[in-house]
Amino acid sequence: MANMSHELRTPLNGVIGFTRQVLKTPLSDTQRDHLQTIERSAGHLLSIINDILDFSKLDAGKLVIENIPFSLRESVEETLTLLAPSAHKKNIELSLRVSPQLPDSLIGDAMRIKQVMVNLANNAIKFTDTGAVDINLEGHVVGKNLYKIRVTVQDTGIGIPSQQQNSLFEAFSQGDKSVTRLYGGTGLGLVISQRLAQELQGSIGFESVEGDGSTFWFTFQCELNPLPALQPAAPQSLKNRTILYYEPHLASRVATSEILAAWHMQVTCISQASELACIVADKERLAGFDFALIGHDVTPAALDDAKTLISHLKQHIAAIHLAVNSNSPSLHQAIVASGAKSCISKPITMQRLLKALIPATVDDAQHSQLVEHKLPIKVLAVDDNEANLKLINAMLLEQVTSVATATDGAQAVELCRHEKFAIIFMDIQMPVLDGISALQQIRQQTLHETTPIIAVTAHAFGEEKDRLLELGFNSFITKPIDEAMLHHSIYEYCDPTLLGLRPEPNAITERVMANVNAKTIDWPLALQRAGQKPVLAKDMFIGLVNSLPESKANIAEALISQDIEQLKALIHKLNGACCYSGVPKLGKVTHELETELKRGLSLADLEPEFFEFFEQIDLVLEDAADFVKTLENE
């Protein structure tokens, strides 16, 4: 299955990657729309491939759940943005509500969470011909720094007959054969979603009445991110501004009203067309609004009504925004041409609404500066597939000044004999000389004994990842290649002196570095993980050091009592703390222990790792004693 994955993903990598590259260039609206359709279609094909592979991994008990910092709202909004066009085609109302009480910055497996959400929402859209699909996220605290989140997907679709509900979570099955013929699908989505929900420490369920719609839900657990930097602040320029908001659909109205209220705007919210007509007729009242946000069902027949409404409103309200169930560029252009400030495709998300109400954001300027900034380093990319090599070359040239390429491992070894590279991205399956053999020769025969080498692979098995790391790769990225992962790899593994990024030494840095054992404590890494914020890095490091004696005692006690579940929980918690605190050796052995415990290795087999683990804790505590005093005095 892993080999099949490689063969299927390689051409898809080229399709998706180059489509994204072209989308960055100047395009007409029609060209952009067509390219986005290509990207979505390729993405759907990739999801079918992933379904089959995920089923095989789950069936073999080899799926690994990651714990990575992510933004909850950004992840959910990305998911719904991809699904919106299929809802728009059927003129279905699609709404998204994320409870304002939910934290945004979490640690968990965002990809798997999105996978379950996509499956449930996609099914809801697929089996709904009229009405709405409403998605709601709520959550509550279940432990220290631990949140349980519930995602509900409610639709007004065909429902599920009671006699077929018991078999819904069986592999390769759907409601009945006619469903497969009418709607398509592998029949794997729900069984994969059920297993993933369990892996995410949650569950899944549904209620349905034939002919009267369905409500599916799933829960998952995530940790709170100790670096809550992702929570967006309320835009000050919108505070106390007045907005007229019309939306007939209840779920959409509640979701958007909560966003506007969180921004401290003065919202006049109406749901009836008759009430809107009364306000439109009252010129004095209209003049009191800074904005108008109108949810409108803009079918071809209703377009004239929308234009008439805009013409009445724009005489008194400067900024009119329409939210419609369509992403058609020509429709958006027609609405803007009739006097609207902007036209937003539903579902309304926080980012879309912010971009509409405040068009020129600081983020755009910052993004432009980042795009223009290239790192002054040379990178080697190795891949036997021409399309893949072109793609990774183009993506790297957006981030670094120079890229060399090789089409097989032998060419890569030869290049490495004559030239020094800052980092190497190496495909695994290649003719002449494969990536693993090339790695071994590069390490032994060239100038690159310590150069970071990143595996580029379609394989997604946990064992494959562990094997690559054991063989000497520093890390790996999977296909289709994601430019964010390329960016992360470069910054994570390249020497700061090569990047020209080492901060200018100052008094605090010199005093701190003079009192640290670099073999145990990596203070530049701690600063990097804290976003170059010394106070935050100090707090995170001191917090870790203060917690280590208790963690050590609790883990030792769990070892003596052979309590595997308690060990997993304690090691997992410590692994999360080590990620942010500049203790790479302790972090590495803790991560290895968590991985092996999840794989089911016995405590007897892990005895050497536990010896090293306790030794690393003692070394950190010993080296940190004077170092913490230095930090506290700064």
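We number each residue from 1, following the sequence as shown. Just so it is clear, the structure is predicted and the values come from calculations on it, not from any experiment.
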CG on D155 to CG on N123, rounded to 0.5 Å | 9.0 Å
Inter-residue atom distance L260.CG - M350.CE, 0.5 Å rounding | 9.5 Å
Quick one: salt bridge (Lys or Arg N to Asp or Glu O under 4.0 Å) partners of E199, sequence neighbours excluded?
-> none
Going from CD1 on I348 to CG on L80, what distance comes out if it is rounded to the nearest 0.5 angstrom?
-> 12.5 Å
Does a side-chain heavy-atom distance below 4.5 Å link V379 with F425?
-> yes
With sequence neighbours left out, write down each residue that passes side-chain contact (heavy atoms from CB on, under 4.5 Å) with S475, or none if nothing qualifies.
-> I454, Y493
Between V98 and I135, is any pair of side-chain heavy atoms under 4.5 Å apart?
-> no
Would you mind reporting whether I192 and N119 have side-chain heavy atoms less than 4.5 Å apart?
-> no
Evaluate the side-chain contact (heavy atoms from CB on, under 4.5 Å) criterion for residues V151 and V76: first the C-alpha distance (whole Å), next the side-chain angles of each, then the deciding distance (0.1 Å), finally the verdict.
-> CA-CA 10 Å; V151 181; V76 173; over 6 Å; no
Under the 3.5 angstrom rule, does the side chain of T349 hit a backbone N or O of E77 as a donor-acceptor pair?
-> no
Can you check whether I453's main-chain N or O pairs, donor with acceptor, with N474's side chain at less than 3.5 Å?
-> yes
Taking C-beta and beyond as the side chain, do C416 and L380 meet within less than 4.5 Å on heavy atoms?
-> yes
Do Y245 and R253 pass the side-chain contact (heavy atoms from CB on, under 4.5 Å) test, and can you show the C-alpha distance, the side-chain angles, and the key distance before you say yes or no?
-> CA-CA 8 Å; Y245 177 39; R253 190 166 65 248; 4.1 Å; yes
Taking atom NZ of K390 as the centre, does the number of heavy atoms from other residues, nucleotides or ligands within less than 6.0 Å exceed 12?
-> no
Is there a donor-acceptor pair closer than 3.5 Å between any side-chain N or O of R112 and the backbone N or O of L200?
-> no
Any donor-acceptor pair under 3.5 Å from H249 side chain to G295 backbone = no
Residues forming a side-chain contact (heavy atoms from CB on, under 4.5 Å) with E419, sequence neighbours excluded | K378, F421
Determine whether D109 and F70 make a side-chain contact, defined as any pair of heavy atoms from C-beta on separated by less than 4.5 Å.
-> no
Compare all side-chain heavy atoms of I294 with those of H321 and state whether any distance is below 4.5 angstrom.
-> no
Does any non-hydrogen side-chain atom of C343 lie less than 4.5 Å from one of L331?
-> no
Residues which pass side-chain contact (heavy atoms from CB on, under 4.5 Å) with L23, listed by chain and number, not counting sequence neighbours = T19, L27, R32, L35, Q36, E39
List the atom of L120, the atom of I204, and the distance in Å for their closest heavy-atom pair.
-> CD2-CD1, 4.2 Å
K346 NZ to S326 OG distance, which is reported to the nearest 0.5 Å | 11.5 Å
At their closest point, which heavy atom of V116 faces which heavy atom of S193, and how far apart are they?
-> CG1-CB, 3.9 Å
Distance (rounded to the nearest 0.5 Å) between I392 CD1 and M395 CE | 8.0 Å
L83: partners by side-chain contact (heavy atoms from CB on, under 4.5 Å), with sequence neighbours left out = T79, V118, A121, N122, I125
Using a distance-only test with no angle check, is there a side-chain donor-acceptor pair under 3.5 angstrom linking Q351 and E74?
-> no
Can you check side-chain hydrogen bond (donor to acceptor under 3.5 Å, both in side chains) on Q429 and D434, steps first, answer last?
-> CA-CA 5 Å; Q429 294 188 16; D434 64 82; over 6 Å; no
Exercise: do K420 and T451 side chains pair donor with acceptor under 3.5 Å = yes
Would you please name every residue forming a salt bridge (Lys or Arg N to Asp or Glu O under 4.0 Å) with D290, sequence neighbours left out?
-> R241
Which atom of T405 lies closest to which atom of L415, heavy atoms considered = O-CD1, 3.7 Å
Considering the options N136, L137, V133, which one meets the side chain to side chain contact (heavy atoms under 4.5 Å, CB included) requirement together with L96?
-> L137
Among E93, H88, K90, side-chain hydrogen bond (donor to acceptor under 3.5 Å, both in side chains) partner for N325 | E93
Output, in order, the C-alpha distance, side-chain angles, deciding distance and verdict of side-chain hydrogen bond (donor to acceptor under 3.5 Å, both in side chains) for T407 and D384.
-> CA-CA 4 Å; T407 55; D384 66 307; over 6 Å; no
Chi angles and distances behind the side-chain contact (heavy atoms from CB on, under 4.5 Å) call for W217, Q154 = CA-CA 8 Å; W217 56 266; Q154 185 173 8; over 6 Å; no
Any V382 side-chain heavy atom under 4.5 Å of D427 side chain | no
Please report the shortest heavy-atom distance between P431 and D408, naming the atom on each side.
-> O-CB, 3.4 Å
State the OG1-CZ distance between T152 and F218, to the nearest 0.5 angstrom.
-> 9.5 Å
For R73 and L102, work out which heavy atoms get closest and say how close.
-> NH2-O, 2.9 Å
Under the side-chain contact (heavy atoms from CB on, under 4.5 Å) criterion, do M430 and D383 qualify, and how do the steps go?
-> CA-CA 7 Å; M430 294 183 290; D383 200 305; 5.5 Å; no
What are the two closest heavy atoms between E258 and R97, and how far apart are they?
-> OE1-NE, 2.9 Å
If you draw a 6.0 Å radius around NZ in K89, do more than 12 non-hydrogen atoms from other residues or ligands fall strictly inside?
-> no
Check whether any side-chain N or O of S75 sits under 3.5 Å from a backbone N or O of A110 as a donor-acceptor pair, and report yes or no.
-> no
